[in-house]
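Beneath this line is the structure, given in structure tokens, with notes to follow.
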Amino acid sequence: MNKQYFKTSKIWILPGVIFLMFGCASYHNRVASYYQKIAAGDYQAAEQDLTKNALLKKPRNKLLYLMEMGRVSQLNGEYEASNRYLNEADRLLEIGLSNAKDAVVGALVNPMNQNYKGEDFEKFMLHYYKALNYIYLHNTEDAIVEARRITLQSQEQTDKYNNRKNRYSTDAFSLMLQGLIYERDGDVNNAFIAYRNAVETYLKSDDSTYYGTPLPSSLKYDVMRMAYLNGFHSELQYFEKKFHTSYTHYTPGPGGELVLFWENGLAPIKEQEDIIFSLIKGDDGDFVFTNATGTIFIPLDRHAAGSFNLNDIHSVHIALPKYVSKLPYYTDAELKLDSSTYYFEKAEDINELAVTTLKQRFAKELGTTLTRLAVKKGAEYVLKETAKGTGKNGKDNALLEGLGFGVQLYGLLSEKADTRNWQSLPSQIAYTRVPLKPGENKLLIQLTSSDGQSHTDTIRVKGNGSLQFYSYSSLR
């Protein structure tokens, strides 16, 4: 290879290296300013920051931008604007974000350059925030439509994983929310069905815990109350026996009831984890990938690998996403109204959902990614082998050899995990039900941190005889 070639190669390789090295920053690092403002409770500044973020304005991140804008708009009390963003995000999910071009980008570059398609639990959270917005806007009809959309989303999720026990095939919190919306509308029959579906989701596990959330006592009572109001005596007896309790009916306060959702902490962030896998031949002659400790074995996808000769491929570098959790600053909360105290029960653990669902799809995504990298490696070897003795006067072909080196360098530096996620979601959602008196109700919510520090806020709700919703956020 001549010196002139090396001079030329440096001209185009160096900028590529710099570009790829710069692109290695995680998504969280590149939106850190927005994330910090959310944690500080400065939602107006966070919204302004978001509108100026060049990364989120890229077409591939449109879904993520819409979800974040919908979320921060709601935190700012801009409920109509929030639902404009969230409805557009919902529309994108309905029409689909996968296409042939997107698949090619994922295969030849990395998944971070593909369209962001959303985590399964993020899709359910869309309906939660949209329903709250409609209720805050006194738009009961559209809130009920959103409740019905939860059923469709659950069916889609169930079909996706064929209702397998060890997969996230529905969302218990969303079903409970659906029951609350129907109950608010006086539809006790559909409220019972929704509550029952939520309870059954919990009961499918041995300890009645669903992704880190035990079956709430309030939900147990709600499903029995709806069975009673519908006159479903056999169903009421079934749940009484199941819960080892006797149902005692009560009438809500003369001012109605308040369901208060406490959104605490922030969802985990994604970071990149780099792993080296070796490609070895098994006893049956088929290739398998294994990690350094020999604890993971992933078969090579022969169909995807095509006709490349993989005998000379010894190892590949892979970048995988992993969730990094942050403990919420506040660990406990209680609500006081006059002389009564009400305690919160956990309803959704987004931190647990994020970590566990990522693990559930680990093997499938890993096999596809490893095969893709092996094909890239195979292309590199083809170029290097072709270069041997094919140049002028029987020498190695400098251009082909340089291209092989370029493919090698590109494969190394372009490998990048998809570290995007909806980062303004809370870590956990808890809730409580409070009977109200007619007129103004002054509620005190007292938050306690792990080091014993406390913070008290006042929430004022006018009791009007109906079931009302309120969400309170402590996103730090």
Residues [X] and [Y]: side-chain donor-acceptor under 3.5 angstrom:
{"X": "Asp120", "Y": "Gln157", "result": "yes"}
{"X": "Tyr472", "Y": "Asp457", "result": "yes"}
{"X": "Thr151", "Y": "Gln178", "result": "yes"}
{"X": "Asp274", "Y": "Gln272", "result": "yes"}

Within-4.5 Å side-chain heavy-atom neighbours: [X] and [Y]:
{"X": "Ile38", "Y": "Leu75", "answer": "yes"}
{"X": "Leu358", "Y": "Pro321", "answer": "yes"}
{"X": "Tyr330", "Y": "Arg476", "answer": "yes"}
{"X": "Asp142", "Y": "Asn83", "answer": "no"}
{"X": "His28", "Y": "Tyr35", "answer": "yes"}
{"X": "Arg184", "Y": "Ile135", "answer": "yes"}
{"X": "Leu219", "Y": "Tyr202", "answer": "yes"}
{"X": "Ser154", "Y": "Phe124", "answer": "yes"}

Once rounded to the nearest 0.5 Å, what's the spacing between atom [atom1] of [X] and atom [atom2] of [Y]?
{"X": "Leu50", "Y": "Tyr43", "atom1": "CG", "atom2": "OH", "result": "14.5 Å"}
{"X": "Leu177", "Y": "Asp171", "atom1": "CG", "atom2": "CG", "result": "9.5 Å"}
{"X": "Leu320", "Y": "Thr419", "atom1": "CG", "atom2": "OG1", "result": "12.0 Å"}
{"X": "Phe469", "Y": "Leu260", "atom1": "CZ", "atom2": "CG", "result": "11.5 Å"}
{"X": "Leu425", "Y": "Glu68", "atom1": "CG", "atom2": "CD", "result": "7.5 Å"}
{"X": "Ile150", "Y": "Leu126", "atom1": "CD1", "atom2": "CG", "result": "11.0 Å"}

Quick one: does [X]'s side chain have a donor or acceptor within less than 3.5 Å of a partner on [Y]'s backbone?
{"X": "Lys57", "Y": "Lys52", "answer": "no"}
{"X": "Glu47", "Y": "Asn76", "answer": "no"}
{"X": "Asn133", "Y": "Tyr129", "answer": "yes"}
{"X": "Thr158", "Y": "Ser169", "answer": "yes"}
{"X": "Ser205", "Y": "Ser208", "answer": "yes"}
{"X": "Ser454", "Y": "Thr448", "answer": "no"}
{"X": "Asp49", "Y": "Ala45", "answer": "no"}
{"X": "Asn115", "Y": "Lys117", "answer": "no"}
{"X": "Asn53", "Y": "Leu55", "answer": "yes"}

Checklist entry - Only one of Arg60, Glu122, Lys62 clears side-chain hydrogen bond (donor to acceptor under 3.5 Å, both in side chains) with Tyr116; which? => result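 Result for side-chain hydrogen bond (donor to acceptor under 3.5 Å, both in side chains) with Tyr116: Glu122.
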
What is the minimum heavy-atom distance between [X] and [Y], and which atoms define it?
{"X": "Pro268", "Y": "Ala354", "value": "CG-CB, 3.8 Å"}
{"X": "Pro328", "Y": "Gly265", "value": "CB-CA, 3.8 Å"}
{"X": "Ala198", "Y": "Met176", "value": "CB-N, 3.8 Å"}
{"X": "Thr357", "Y": "Leu353", "value": "OG1-O, 2.6 Å"}
{"X": "Ser218", "Y": "Tyr431", "value": "CB-OH, 3.4 Å"}
{"X": "Leu86", "Y": "Leu66", "value": "CD2-O, 4.2 Å"}

Item to check | Full working for salt bridge (charged side-chain N to carboxylate O under 4.0 Å, His left out) between Lys346 and Glu352 | outcome: CA-CA 12 Å; Lys346 184 164 65 171; Glu352 179 71 22; over 6 Å; no

Checklist entry - Does the pair Glu345 and Thr213 meet the rule for a side chain to side chain contact (heavy atoms under 4.5 Å, CB included), with working shown? => result CA-CA 9 Å; Glu345 292 186 280; Thr213 302; over 6 Å; no

Checklist entry - Of Ser471, Ser474, Pro426, which meets side chain to side chain contact (heavy atoms under 4.5 Å, CB included) against Trp262? => result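 Only one of Ser471, Ser474, Pro426 forms a side chain to side chain contact (heavy atoms under 4.5 Å, CB included) with Trp262, namely Ser474.
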
If you count every heavy atom of other residues, nucleotides or ligands that lies below 6.0 Å from [X] atom [atom1], does the total exceed 12?
{"X": "Leu327", "atom1": "CG", "answer": "no"}
{"X": "Glu94", "atom1": "CD", "answer": "yes"}
{"X": "Glu80", "atom1": "CD", "answer": "no"}

Checklist entry - side chain to side chain contact (heavy atoms under 4.5 Å, CB included) between Asp90 and Lys130: does it pass, once the steps are laid out? => result CA-CA 10 Å; Asp90 211 356; Lys130 286 172 65 179; 2.6 Å; yes

Next on the checklist: Using the rule given for side chain to side chain contact (heavy atoms under 4.5 Å, CB included), can you reason through Leu56 versus Tyr34, listing the C-alpha separation, both sets of side-chain angles and the distance that settles it, and then say yes or no?
Outcome noted: CA-CA 11 Å; Leu56 277 167; Tyr34 163 74; 5.6 Å; no

Checklist entry - Between Tyr128 and Glu263, is a side-chain hydrogen bond (donor to acceptor under 3.5 Å, both in side chains) present by the stated rule, with each step listed? => result CA-CA 12 Å; Tyr128 165 66; Glu263 301 182 356; 2.7 Å; yes

Checklist entry - Can Tyr168 and Phe121 be said to form a ring pair (Phe, Tyr, Trp, His ring centres under 6.0 Å), step by step? => result CA-CA 8 Å; Tyr168 176 62; Phe121 63 87; 7.0 Å; no

Next on the checklist: Closer than 4.0 angstrom, basic N to acidic O: yes or no for Arg84 and Glu78?
Outcome noted: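 No, Arg84 and Glu78 are not salt-bridged.
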
Next on the checklist: Do Arg420 and Tyr27 form a cation-pi contact, if we require the NZ or CZ to be under 6.0 Å from the six-membered ring centre and within 45 degrees of the ring's axis?
Outcome noted: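 Verdict for Tyr27: no cation-pi partner in Arg420.
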
Checklist entry - Hey, mind stepping through Leu266 and Ser427 against side chain to side chain contact (heavy atoms under 4.5 Å, CB included) and telling me if it holds? => result CA-CA 4 Å; Leu266 279 165; Ser427 174; 5.8 Å; no

Checklist entry - Where does the angle between the aromatic ring planes of Tyr136 and Tyr79 fall among parallel (under 30°), tilted (30 to 60°) and perpendicular (over 60°)? => result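 Rings of Tyr136 and Tyr79: tilted, as their planes differ by 30° to 60°.
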
